[in-house]
K.L.:
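Structure incoming, see below.
Protein chains get the first letters and strands the later ones, always in sequence-line order, with residue 1 at the start of each.
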Amino acid sequence: METATPTNFLQNIIRQDLDSGRVREVVTRFPPEPNGYLHVGHAKSISVNFGLAESFGGRCNLRFDDTNPEKESQEYIESIIADIEWLGYRWDGEVRYASSYFQQLYDWAVHLVKEGNAYVDDLSADEARALRGTLTEPGVNSPHRERSPAENLDLLERMKSGEFDEGSRVLRAKIDMASPNMNMRDPILYRIRKVPHHQTGDDWVIYPTYDFAHGQEDAIEGITHSICTLEFEDHRPLYDWFIEHLPVPHKPRQYEFGRLNPSYTVTSKRKLRHLVESGVVSGWDDPRMPTLSGMRRRGYTPAAIRRFCEMIGTTRKDGVVDVAMLEFAVREDLNENARRGMCVLDPLRVVLTDVPEDHLETLSAPGHPNRDDLGERELPFTRELYIDADDFREEANKKYKRLVLGKRVRLRNAYVIEADEVVKDTAGNIVEVRAHVVPNTLGENPEDGVKPKGVIQWVSASHGRTAQVRLYDRLFSHEAPDKGDNDYLDHLNPESLAVIDNAWVEPALAAAAPEASFQFEREGYFVADRHDHSPERPVFNKTIGLRDSWNEGAA
RNA sequence: UGGGGUGUCGCCAAGCGGCAAGGCACCGGGUUUUGAUCCCGGCAUUCGCAGGUUCGAAUCCUGCCACCCCAGCCA
């Protein structure tokens with residue numbers, strides 16, 4: 001029997017709306033402001049909005065909420081579009097812009113003015129703040145609150161025509177300065193900003209605020225369920241007030257869900273920007289960043305991110321989600337779909353003394369242990385090989401299942417070998433292991449019955465390729481780097497990046513396409529860097545390690 | 001000290017008056033040419049706390065407590 005997929009509160013609401021006939025179809029929207037790069041938190045919102053539309057056979061729009069030209073740019077628009085496409089979602093129709101509704105929004109502002117529901121205020125920002133009251137004290141009416149509709153209309157038109165300076169006047173809704181909800185204390189609808197807009201150029205010098213724009217944008221587009229995060233909950237009465245007082249073509253409703261806060265990271269735009277600008281990371285797409293472009297470069301897959309968003313559910317509760325869940329989703333997808341390969345991160349030379357100098361044997365290994373469709377790869381087997389320095393010890397207890405002097409180990413996809421001798425430099429460091437091949441052990445156990453205890457990866461010293469491997473770890477060493485009194489910069493993990501320039505990989509890996517993911521057996525999942533990798537100079541980023549139940553301390 | 005929210009296992013999360021799903025993490029055991037995967041088993045007598053209603057409550061009522069959001073001409 002199938003495990004019943006639990007429904008979340010939004011699905012329940014939509015189901016009811018559909019059943020009751022309140023709406024005929026579901027129309028949602030993902031409305032980013034183009035003022036930064038998308039991060040894992042946006043992935044949740046994208047998943048919720050696109051996912052809901054998809055599961056109910058509806059539509060989801062992509063709309064840039066570009067009402068504040070000062071912070072926005074075309075660069076962000078492009079990165080956001082690329083990220084959403086990468087995640088695999090497809091929006092309905094063309095990309096939309098709040099800015100293309102500016103005239104309609106202005107007409108509606110005029111409507112409010114004519115109805116006596118909005119007025120032009122001459123107060124400065126400081127003066128307005130002083131009269132707004134506090135959380136516990138009511139505000140005081142502006143002295144300009146009772147201007148006539150005619151006077152307000154005249155003033156509004158002059159604001160629009162550019163007659164007034166920035167900050168000298170605003171248009172406000174006439175609601176209630178004593179409301180316990182701060183958003184209802186005569187909120188600002190328009191402010192003067194004499195800066196060019198990335199979409200409308202110099203057409204406008206007044207711009208609508210989020211509150212005056214968002215609900216009406218939803219109304220214009222026929223959005224049925226306008227889904228946002230919890231901090232907008234207090235704005236809903238205002239959202240509804242505009243819909244009530246304006247001749248809008250449609251009445252959308254707003255619903256809120258709890259933001260996603262993964263552990264061991266920060267998602268505030270300001271903090272992410274600081275990490276980039278201060279050089280803590282290499283850019284917005286640094287593999288340690290929680291941005292979609294960062295996760296992409298890290299090797300996280302769209303499927304894994306989508307799966308993660310489904311796993312954590314959608315509720316009205318704010319909480320911290322253990323990144324281990326994201327990492328699980330990544331491993332789950334990669335384990336299933338990534339080809340296998342062998343990579344030696346810390347090379348230790350092994351000379352097989354019974355193999356001739358010019359011996360070259362081409363072994364074959366499966367691309368994936370249980371997926372024939374992923375093909376095979378060729379492994380050159382030669383007299384000199386590299387194994388990982390961690391996989392050899394002169395002596396060890398029985399828990400150590402790798403190569404030990406005088407003992408045997410299986411070379412993955414190849415023969416069993418037995419270590420005979422250790423070569424050290426003058427400082428006493430092990431520089432080479434001399435061993436011999438146990439006969440007839442390709443795909444077979446040793447005929448003498450002495451089975452190797454473990455299996456290790458290896459690469460031909462003469463036919464393998466060197467590669468740069470970047471080992472990434474969590475950027476922060478604290479579960480909640482910016483919670484409470486924490487200064488997130490105090491919790492940066494100093495070991496979040498280690499670069500290995502002389503790793504050895506099997507030849508097939510050098511030919512990998514950029515962004516191809518692999519499991520380097522016994523090491524973890526790695527991705528060919530989308531920018532720096534080339535067959536001539538292989539570069540791999542560590543996506544995530546394998547789950548590891550080996551307790552090193554015990555050995 | 002105003003208003004709006006949220007409190008179910010370490011984390012996420014079902015549950016909507018009939019006697020606590022599931023996932024992550026963790027801990028055992030089995031299989032294994034990856035100490036991976038896979039498989040099997042364990043993991044809340046209890047649902048923020050205290051009362052009350054009821055044959056019966058995590059689910060209803062009352063009162064507390066904790067945490068989050070709101071005083072941008074940001075979104």
Side-chain angles (χ1 to χ4, degrees), chain A residues 3-8 12 31-33 35 65 67-68 70-71 121 123-125 128-129 132-139 166-172 179-185 187-193 207 209-211 213-214 228-237 256 258-259 263 269 311-329 331-332 335-336 340 342 365 369-370 399-402 409-416 441-445 451-457 479 519-524 545-552 555:
Chain A
T3 359
T5 308
T7 56
N8 64 49
N12 292 154
E33 182 188 15
N35 69 344
D65 211 359
T67 57
N68 184 5
E70 284 178 315
K71 300 183 172 180
D121 198 349
L123 258 28
S124 70
R129 185 180 310 117
R132 188 149 36 229
T134 68
L135 295 178
T136 54
E137 300 161 317
E166 282 192 19
S168 64
R169 286 189 167 78
V170 292
L171 182 70
R172 302 179 73 173
S179 172
N181 182 341
M182 300 299 288
N183 296 300
M184 301 299 271
R185 318 245 264 225
I188 288 165
L189 277 46
Y190 271 95
R191 69 286 213 192
I192 300 169
R193 281 290 175 279
Y207 291 95
T209 54
Y210 164 85
D211 283 311
H214 206 93
C228 58
T229 42
L230 242 27
E231 68 269 27
F232 289 102
E233 194 165 20
D234 290 342
H235 293 248
R236 194 173 57 219
E256 313 85 19
R259 251 194 148 79
S263 58
K269 225 162 248 178
M311 274 172 74
I312 60 179
T314 307
T315 67
R316 287 176 59 81
K317 196 171 102 182
D318 267 322
V320 175
V321 174
D322 193 338
V323 279
M325 270 201 240
L326 209 206
E327 295 171 346
F328 169 83
R331 287 194 185 99
E332 185 181 51
N335 175 56
E336 179 76 25
R340 308 289 123 123
M342 292 198 287
N370 37 41
K399 292 197 70 174
Y400 186 77
K401 307 200 300 181
R402 311 178 190 184
V409 79
R410 160 139 251 140
L411 293 179
R412 176 70 167 161
N413 298 124
Y415 301 90
V416 172
T441 50
L442 188 61
E444 303 290 339
N445 281 134
K451 292 191 210 167
K453 293 201 308 196
V455 183
I456 62 175
Q457 75 274 25
E479 182 178 291
Q519 181 195 101
F520 289 172
E521 290 184 301
R522 300 209 313 129
E523 290 292 354
L546 255 26
R547 193 165 155 273
D548 184 8
S549 60
W550 189 53
N551 183 352
E552 177 112 34

K.L.:
Could you please name the option among B:rA36, B:rG5, B:rA14 that lies closest to any side-chain atom of A:Thr315?
P.N.:
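Looking only at side-chain atoms, A:Thr315 lies closest to B:rA14.
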K.L.:
Not counting sequence neighbours, which residues clear ring pair (Phe, Tyr, Trp, His ring centres under 6.0 Å) with A:Phe520? List them please.
P.N.:
A:Phe526, A:Phe540
K.L.:
Establish whether the base of B:rG4 is bridged to the side chain of A:Asn181 by a donor-acceptor pair shorter than 3.5 Å.
P.N.:
no
K.L.:
Select from A:Lys317 and A:Lys401 the residue whose nearest nucleotide in RNA chain B is closer to the 5' end of that strand.
P.N.:
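Result: A:Lys317.
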K.L.:
Who are the side chain to side chain donor-acceptor pair (under 3.5 Å) partners of A:Arg193, not counting sequence neighbours?
P.N.:
A:Glu70
K.L.:
Planes under 30° and centres closer than 5.5 Å, is that true for A:Trp550 with the base of B:rG35?
P.N.:
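So yes, this residue stacks on that base, both cut-offs being met.
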K.L.:
Applying side chain to side chain donor-acceptor pair (under 3.5 Å) as the test, list every pair that has at least one member in residues 317-327 of chain A; sequence neighbours left out.
P.N.:
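Every pair satisfying side chain to side chain donor-acceptor pair (under 3.5 Å) with a residue in residues 317-327 of chain A: A:Glu327-A:Arg474.
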K.L.:
Return whichever of A:Gly443 or A:His214 has its heavy-atom-nearest nucleotide of RNA chain B closer to the 5' end.
P.N.:
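Taking each residue's closest nucleotide, the earlier one in sequence belongs to A:Gly443.
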K.L.:
Holding to side-chain contact (heavy atoms from CB on, under 4.5 Å), I want the full list of residues that pass it with A:Leu135, two or more places apart in sequence or in another chain.
P.N.:
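Checked A:Leu135 against side-chain contact (heavy atoms from CB on, under 4.5 Å); matches are A:Met182.
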K.L.:
Look at the side chain of A:Glu523 and the base of B:rU34, then say whether one donor and one acceptor between them are separated by less than 3.5 Å.
P.N.:
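Between B:rU34 and A:Glu523, which were checked side chain against base, a qualifying N/O pair under 3.5 Å is absent.
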K.L.:
Within less than 4.0 Å of OP1 or OP2 of B:rU37, is there a side-chain N or O belonging to A:Arg547?
P.N.:
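For B:rU37, OP1/OP2 do have a side-chain N/O of A:Arg547 under 4.0 Å.
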K.L.:
Counting only side-chain heavy atoms from C-beta out, which of B:rU34, B:rC68, B:rG35 sits nearest to A:Asp318?
P.N.:
B:rC68
K.L.:
N/O contacts under 3.5 Å, protein versus nucleotides 71-73 of chain B?
P.N.:
residue : atom : partner  : partner atom : Å
B:rA71  : O2'  : A:Arg132 : NE           : 3.4
B:rG72  : OP2  : A:Arg129 : NE           : 3.2
B:rG72  : OP2  : A:Arg132 : NH2          : 3.3
B:rC73  : OP1  : A:Arg132 : NH2          : 3.1
B:rC73  : O2'  : A:Arg193 : NH2          : 2.2
B:rC73  : N3   : A:Gly167 : O            : 3.4
B:rC73  : N4   : A:Leu123 : O            : 2.6
B:rC73  : N4   : A:Ala125 : N            : 3.1
B:rC73  : N4   : A:Gly167 : O            : 3.0

K.L.:
Assign A:Phe328 to base, sugar-phosphate, or nothing according to its heavy-atom contacts below 4.0 angstrom with the strands shown.
P.N.:
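A:Phe328: backbone/sugar contact only, no base atoms under 4.0 Å.
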K.L.:
In chain order, what residues pass the side chain to side chain donor-acceptor pair (under 3.5 Å) check against A:Thr315, with sequence neighbours excluded?
P.N.:
none
K.L.:
In whole angstrom, give me the gap between the C1' atoms of B:rG15 and B:rA50.
P.N.:
24 Å
K.L.:
Validate the cation-pi geometry between A:Arg522 and A:Trp550: distance from NZ or CZ to the six-membered ring centre under 6.0 Å, angle to the ring axis within 45°.
P.N.:
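That pair does not qualify as a cation-pi contact.
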